[in-house]
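As structure tokens, the structure follows; a few thoughts come after it.
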Amino acid sequence: MNNEKSLIAKTDLKTLSKQELESLVRDSGLPSFRTRQLLHWIYEKRVQSVGEITEFSKELRDDLSKKTYIGNLTLIRKQTSVDGTEKFLYGLEDNEATESVLISDNSRLTLCISSQVGCAMKCSFCLTGKMNLRRNLKAHEIVDQVIAVGRLIEPQRITNIVFMGMGEPLANFDEVVESLRRMTALLKISKRRITLSTCGIAPKIPELGGAGIPRVNLAVSLNATTDEVRDSIMPVNRKHPLASLLSACRHFPLEPRRRITFEYVLLEGMNDTDMDADRLVQMLRGIPCKVNLIPFNPYKGSKFRRPTDGVLARFQNILLDGNITALLRKSKGPDILAACGQLKAGYC
Ligand code: SF4
């Protein structure tokens with residue numbers, strides 16, 4: 001644990017928004033340029049304590065350390081898959097834990113981050129859904145996954161961020177939006193390299209496209225072509241059925257040349273028929289999009305199975321024939337439970 005925070009009343013500088021940090025600097029009687037310096041050292045140099053900010057005099061560091069500290073996630077465990085995928089288990093200040101997954105793909109290093117501890121959405125093919133929701137992550141806890149993994153892999157750099165770890169990002173809307181602001185403005189990650197994935201909280205999708213929110217890429221976890229099947233595997237569909245979800249997608253203000261990604265986890269005998277593929281083509285007509293087909297990653301005790309390669313290829317070909325861009329994705333890290341829908345932070 002951080003030595004600098006032994007006094008209860010100390011403020012973790014990472015919990016503050018840029019405006020709040022400006023206020024703290026002003027209230028401490030410091031000139032305004034100190035805010036810029038603090039942001040630079042915390043978010044770009046990724047220092048872990050006020051004492052490391054060597055641009056400040058020893059006196060200023062000592063002064064700041066009396067009332068503030070820089071909080072850090074605690075690495076509990078790191079696992080590496082045979083395919084090179086790395087999974088990080090991080091401890092939070094209240095002894096909860098969260099997971100992030102680093103996936104290497106050619107020149108890309110994509111970090112899959114969590115937005116909640118557990119998840120309330122209960123998608124039946126997902127191990128995280130079996131944990132239930134323990135709590136939302138705060139904006140700084142979301143951003144800190146990027147900072148912490150970034151430090152560990154130096155001099156390599158994370159190139160892309162996906163919100164596809166534990167949790168439903170749109171169910172933690174305000175903190176996730178604040179984390180997007182910090183990632184783009186403070187960590188200087190391009191919004192085009194950030195993707196937020198939702199299971200389909202339809203009313204929040206247009207909100208995500210609202211003014212003042214970094215216009216990141218949108219991915220929607222679709223996984224069915226009828227309400228009947230989607231109701232049975234994704235309870236969120238009972239509240240926000242397919243028609244309202246697709247309508248929300250049609251109204252999402254996409255930037256020029258951007259597309260929505262629809263994720264489709266293929267479950268044998270459940271959503272993998274030719275009719276499903278035909279319906280998918282019809283449903284997505286008119287939406288600038290691509291489809292990621294993800295063969296189900298079985299885990300111990302799961303009731304679903306992965307379709308055969310022949311079924312996967314046929315499903316993909318029907319989409320391609322319907323002029324839908326469809327990519328067959330190979331999930332990374334299944335041997336360390338790091339693949340899609342397998343994160344559980346050691347809770348279950
Ligand atoms: S798939 Fe996503 S939204 Fe569904 S239970 Fe898992 S983490 Fe939650």
Side-chain angles (χ1 to χ4, degrees), residues 87-90 96-101 103 110-137 141-142 145 161-173 175-176 179 195-205 208 216-224 227 229-242 244-245 248-249 260-267 270-271 291-304 306 329 331-334 337-348:
K87 184 167 79 167
F88 305 88
L89 176 66
Y90 282 110
E96 293 287 1
T98 188
E99 283 184 324
S100 319
V101 176
I103 304 149
T110 302
L111 187 67
C112 173
I113 57 174
S114 298
S115 55
Q116 298 180 307
V117 181
C119 185
M121 297 296 140
K122 299 196 183 310
C123 304
S124 58
F125 50 84
C126 173
L127 197 50
T128 311
K130 306 210 178 312
M131 277 177 65
N132 296 322
L133 177 66
R134 296 178 72 94
R135 74 166 171 87
N136 285 332
L137 290 179
E141 293 170 323
I142 299 170
Q145 295 169 60
I161 304 287
V162 292
F163 282 77
M164 294 184 190
M166 287 197 298
E168 163 51 51
L170 296 187
N172 184 18
F173 192 84
E175 297 295 328
V176 164
S179 77
T195 299
L196 185 148
S197 177
T198 176
C199 68
I201 303 189
K204 290 287 179 190
I205 291 176
L208 186 67
V216 298
N217 302 306
L218 176 67
V220 175
S221 185
L222 195 61
N223 308 324
D227 281 321
V229 171
R230 201 163 191 268
D231 282 355
S232 72
I233 58 175
M234 300 182 75
V236 67
N237 196 71
R238 294 174 206 154
K239 195 160 177 200
H240 306 296
L242 279 167
S244 65
L245 174 57
C249 291
I260 295 177
T261 301
F262 288 96
E263 312 279 349
Y264 197 98
V265 176
L266 282 149
L267 308 164
M270 179 64 75
N271 62 3
V291 176
N292 280 345
L293 297 171
I294 306 161
F296 177 65
N297 295 301
Y299 52 82
K300 199 171 161 231
S302 67
K303 60 181 178 184
F304 299 110
R306 179 191 194 278
R329 293 286 188 197
S331 270
K332 299 268 193 159
L337 290 182
C340 289
Q342 292 189 326
L343 300 188
K344 60 185 177 59
Y347 285 107
C348 61

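Order of appearance sets the numbers: ligands from 1, and atoms from 1 within every ligand.
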Would you kindly specify which portion of Met234 sits under 4.0 Å from ligand 1, judged on non-hydrogen atoms: side chain, backbone, both or neither? neither
Could you tell me whether ligand 1 has any atom less than 4.0 Å away from a heavy atom of Ser221? no
Within the structure provided, determine whether Ile233 and Leu267 are in side-chain contact (heavy-atom separation under 4.5 Å). yes
I'd like to know if the side chain of Glu263 and the backbone of Ala219 have a donor-acceptor N/O pair within less than 3.5 Å. no
Atoms of ligand 1 less than 4.0 Å from Met121 heavy atoms? 3 (S), 8 (Fe)
As a test of understanding, state which of Thr195, Asn217, Leu111 forms a side chain to side chain contact (heavy atoms under 4.5 Å, CB included) with Ile161. Leu111
Inter-residue atom distance Leu293.CG - Phe262.CZ, 0.5 Å rounding: 13.0 Å
In chain order, what residues pass the side-chain hydrogen bond (donor to acceptor under 3.5 Å, both in side chains) check against Arg329, with sequence neighbours excluded? Asn292
I'd like to know if Met166 contacts ligand 1, where contact means a heavy-atom distance under 4.0 Å to any ligand atom. no
Decide whether Gln116 and Asn136 meet the rule of one side-chain donor and one side-chain acceptor closer than 3.5 Å. yes
Here the atoms of ligand 1 under 4.0 Å from any heavy atom belonging to Lys122 are 5 (S)
Tell me, please, if Cys119 has any N/O/S atom, main chain or side chain, under 2.8 Å from atom 8 (Fe) of ligand 1? yes
So which bit of Cys123 gets within less than 4.0 Å of ligand 1, heavy atoms only: side chain, backbone, both or neither? both
